[in-house]
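Encoded as structure tokens, the structure appears first; notes follow it.
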Amino acid sequence: MTLPWPWPCCVPAKWSSGGPQLRKRQRLLFELTASILSGAILAAAAAVAATLSRARWLEAPVPLWSVVLGSTTAVVLAIFLIRLREQRPKRILIMIPAFAQKHWFAEFLQRGVQALESQAYDAVLKLPLHDFSGQGQLLQLTAVARRPRDFVGAFIIAAEPDSISGELRRLCSRAGFPVIFVDVMPFARPEDLPAWSCYVGSDQNEIGVAAARYVADQMAQRQKRRPRVLVIGSAAQAERQRTFVAALKDKLPGAVVEVNDHGAFVRDRSREIAGRYLRSARQEGRLLDAIFCTNDEMALGALDALHEDAVSEGVHSDLIVVGVDGTDEAMSVIRSGGTQFRATVVQDSRRIAETATAVLLRALEGERPQPRIIVPVSIYPPGHNA
């Protein structure tokens, strides 16, 4: 499903216990029972008052049925009050794979938390035990599944989805609340998603194709039919680099592409990788024409490497750097001009956060979400066909 825009993000939360329709029916049944018990309590109180009013205080014997009824009423009232205290808190779990991707995560979290707080929900962020560790996420989810009443819903950005998808599906089903997967689709098919779950984010193949089109257009303008391109990616989003390579080869069959998938979305790692390739390329006389990084943090790292390699200022003057995400820092660098960082494929964190929040709130209202909602990407700066 492709998302129409604007997407409403403010959905009234009519009940606080959360969950699918079954939980809503249980809540309604509880409220009906509470109403009946309240009526019985009032009737009992009226009967006791009437009995006491007909008898002289302390002198007349109190009927046994009044004592029994009064005691029963007190017990029922105590149970009722305890049950009220056991109502589930309005807390939403947010689980991310790493804190290294601070910019995109920060923008997503800011938008999402604001939307949740506007509906009186509290967001609880689970910090990763280890960056980009699928097993670490499974450990956290196992603890959550043991206390299903702690949360009413969750946002999860999955780590290492290829290796944990089966266990991830089991734990999310066991938790029993709606889960919205963001940024990373952890299952091969939408029908593999757990019940009452949804993926909200960009199409990873679309990201790779958009970047390849931009690079191919830039190379065509420079009349380079056999450009050398370095791709710095990560195993966590392998679709981006795979699709980029295939789409670029389709447009420029003579392109020479080298892929390094050890960037791990980290700026310093990308700087080291790009620095090695730049030095090697200069020494061997095979100059790079473009560097594509599968997120903006790594693109900024590649830019750092270019700045550090002072000798390359004249040698690599035509090299272009392209990133992914459209973070504020990346777009600011591109706007400033004067650097090789020329473009980024924008994943609109605001739209993704607001859409994901709207879907979750509607699921808490009992509306079963569609399994997949795609937020389109664009190229920044504007004017390029994504």
Side-chain angles (χ1 to χ4, degrees), residues 92-113 123-145 151 153-172 175 178-188 192-194 197-204 207-208 232-242 260-270 293-301 323-327 330 345 347-349 352-353 355-357 360 372 375:
I92 304 296
L93 171 68
I94 300 178
M95 185 172 291
I96 61 178
F99 227 60
Q101 284 181 286
K102 52 184 179 297
H103 294 291
W104 193 87
F105 285 158
E107 292 169 13
F108 169 79
L109 290 173
Q110 180 183 16
R111 302 289 183 179
V113 169
V124 178
L125 175 63
K126 287 284 186 181
L127 296 179
L129 301 175
H130 304 284
D131 282 356
F132 299 106
S133 169
Q135 292 302 316
Q137 283 194 332
L138 291 180
L139 288 174
Q140 290 179 322
L141 277 172
T142 299
V144 169
F151 300 97
F155 296 114
I156 296 179
I157 302 176
E160 299 183 321
D162 292 342
S163 62
I164 68 168
S165 59
E167 187 67 7
L168 181 65
R169 188 179 193 278
R170 186 188 70 81
L171 287 172
C172 289
V179 176
I180 309 302
F181 295 97
V182 181
D183 189 44
V184 178
M185 173 58 168
F187 306 101
D192 294 334
L193 283 160
S197 295
C198 173
Y199 168 71
V200 177
S202 301
D203 187 305
Q204 303 307 310
I207 290 173
I232 304 177
S234 171
Q237 290 281 26
E239 299 94 334
R240 294 180 186 179
Q241 54 250 34
R242 284 198 298 260
N260 186 305
D261 62 359
H262 299 295
F265 295 137
V266 177
R267 184 169 181 161
D268 287 343
R269 283 200 186 186
S270 178
C293 299
T294 56
N295 83 333
D296 284 338
E297 283 289 287
M298 293 191 297
L300 291 167
V324 175
D325 280 340
T327 63
V345 182
Q347 292 190 104
D348 194 331
S349 61
I352 291 174
T355 302
T357 303
L360 178 59
R372 192 167 179 262
V375 178

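Keep in mind that this is a model prediction, so the values were computed, not measured. In what follows, every heavy atom counts, from backbone to side chain, and hydrogens, waters and symmetry copies are set aside.
- Nearest heavy atom pair, residue A299 against residue G323, reads CB-CA, 3.9 Å.
- Taking each heavy atom of A158 and P186 in turn, the nearest pair found is CB-CB, 3.9 Å.
- Minimum interatomic distance between Q204 and Y199 (heavy atoms only, all atoms of both residues): NE2-OH, 3.6 Å.
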**Prompt:** Do F187 and L168 pass the side-chain contact (heavy atoms from CB on, under 4.5 Å) test, and can you show the C-alpha distance, the side-chain angles, and the key distance before you say yes or no?
**Reply:** CA-CA 9 Å; F187 306 101; L168 181 65; 4.2 Å; yes

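- Although no hydrogens or angles enter the test, the distance criterion places no donor-acceptor pair under 3.5 Å between the side chain of R240 and the main chain of I207.
- The heavy-atom pair separating P97 from I157 by the smallest distance is CD-O, 3.2 Å.
- Under the 4.5 Å side-chain criterion, counting only non-hydrogen atoms from C-beta, M185 is not in contact with D203.
- The side-chain contact (heavy atoms from CB on, under 4.5 Å) test with F155 is passed by exactly one of D183, V182, V200, L93: V182.
- Closest approach of V124 and F151 over heavy atoms only: CB-CE2, 3.7 Å.
- No donor-acceptor distance shorter than 3.5 angstrom exists from the side chain of E239 to the backbone of G208, with no hydrogens or angles considered.
- Counting heavy atoms from C-beta on, the side chains of V324 and C293 never come closer than 4.5 Å.
- Here D348 does not pair with R111 in a salt bridge; the nearest charged N to carboxylate O distance is not below 4.0 Å.
- Considering CZ of R170 and CD of E167, their distance stands at 4.0 Å, rounded to 0.5 Å.
- S270 and I232 get closest at one heavy-atom pair: OG-CD1, 3.6 Å.
- One distance of note links CD of Q241 with OG1 of T294; it measures 5.0 Å at 0.5 Å rounding.
- R242 CZ to Q237 CD: the interatomic distance, rounded to the nearest 0.5 Å, is 10.0 Å.
- In this structure, CG on L141 lies 4.0 Å from CE on M95, to the nearest 0.5 angstrom.
- Remark: the backbone N or O of V375 is paired with a side-chain donor or acceptor of S202 at under 3.5 angstrom.
- D296 places a side-chain N or O within donor-acceptor distance of the main-chain N or O of G326, the cut-off being under 3.5 Å.
- The structure places CZ of F132 at 10.0 Å from CD of E160, a figure rounded to the nearest 0.5 Å.
- The NZ atom of K126 sits 11.5 Å away from the CD1 atom of I156 when rounded to the nearest 0.5 Å.
- A donor-acceptor pair is defined here as one N or O able to donate and one able to accept, closer than 3.5 Å; such a pair exists between the side chain of N260 and the backbone of H262.
- Counting only heavy atoms from C-beta outward, the side chains of Q135 and I164 approach each other to under 4.5 Å.
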